[in-house]
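Here's the structure, in structure tokens; my notes come after.
Since we're looking at a predicted model, the values are computed, not measured.
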Amino acid sequence: MSGTLKDVTGASFEREIERSERPVLVLFWAAWDGWAEYQAVLGEVVAGYRGKVDGCRINADEHADTAAKCGVRALPTLVLFDRGVWVAQKPGVRTKEQLIAFIDQHL
């Protein structure tokens, strides 16, 4: 992914996440949450897994039904899926090291 997160919508959620053959780390965010640089760090972390984990982001304001379906109550929130199954969730911002530990713990 070369340091970027793929944008997902409510309409593409099933195709991109629920049908994925590998783990997907999803960032639920909003334009007002002020964490644009965090998205870059998350993209960098995902890129470091070299295709073993995909990274996506979904705007929770624009796709509130999908956020609610995933149990998102705070922004930003990370949700890790493996082959379409919800594995783990972490609200709030994390350091690069904490992101790596979160992913490694659940792979």
Indicate the atoms forming the closest heavy-atom contact of [X] with [Y], along with that distance.
X	Y	value
Glu21	Arg83	O-NE, 3.5 Å
Cys56	Val24	SG-CG1, 3.8 Å
Ala30	Asp61	CB-OD2, 3.5 Å
Thr66	Gly10	OG1-CA, 3.3 Å

**Q.** Interatomic distance, Ile103 atom CD1 to Gln98 atom CD [nearest 0.5 angstrom]
**A.** 12.0 Å

(Q) As an exercise, state the distance from CG of Asp54 to NZ of Lys6, rounded to the nearest 0.5 Å. (A) 8.0 Å

Linked, directly or transitively: [X] and [Y] (ILVMFWY side chains, under 4.5 Å):
X	Y	answer
Leu27	Val53	yes
Trp29	Ile58	no
Phe28	Ile17	yes

(Q) Suppose we screen for ring-ring contact (aromatic ring centres under 6.0 Å, His included). Which residues come up paired with Phe13, at least two apart in sequence or across chains? (A) Phe81

(Q) I'd like to know whether Tyr49 forms a side chain to side chain contact (heavy atoms under 4.5 Å, CB included) with Ile100, so could you lay out the CA-CA distance, the side-chain angles of the two residues, the decisive distance to 0.1 Å, and finally the verdict. (A) CA-CA 9 Å; Tyr49 282 89; Ile100 293 168; 3.6 Å; yes

Q: Could you name each residue pair satisfying ring pair (Phe, Tyr, Trp, His ring centres under 6.0 Å) that touches residues 87-107, not counting sequence neighbours?
A: Phe102-His106

Q. Looking at residues at least two apart in the chain, or sitting in another chain, which of them share a salt bridge (charged side-chain N to carboxylate O under 4.0 Å, His left out) with Lys90?
A. none

Q: Examine distances only and state if a side-chain atom of Asn59 and a backbone atom of Glu62 form a donor-acceptor pair shorter than 3.5 Å.
A: yes

(Q) Could you work out, with side chain to side chain contact (heavy atoms under 4.5 Å, CB included) as the rule, every residue matching Ser12, not counting sequence neighbours? (A) Val8, Thr9, Arg15, Glu16

**Q.** Qualifying residues under side chain to side chain contact (heavy atoms under 4.5 Å, CB included), relative to Asp7, sequence neighbours excluded
**A.** Arg57

Q) In terms of heavy-atom contacts, does CG of Asp104 have more than 12 from other residues, nucleotides or ligands at under 6.0 Å? A) yes

Name the atoms and distances for all side-chain donor-acceptor pairs under 3.5 Å in residues 69-80, with sequence neighbours left out.
{"residue": "Lys69", "atom": "NZ", "partner": "Glu18", "partner atom": "OE2", "Å": "2.7"}
{"residue": "Thr77", "atom": "OG1", "partner": "Ala74", "partner atom": "O", "Å": "2.4"}

Q | Heavy-atom side-chain contact between Glu14 and Arg19 under 4.5 Å | A | yes

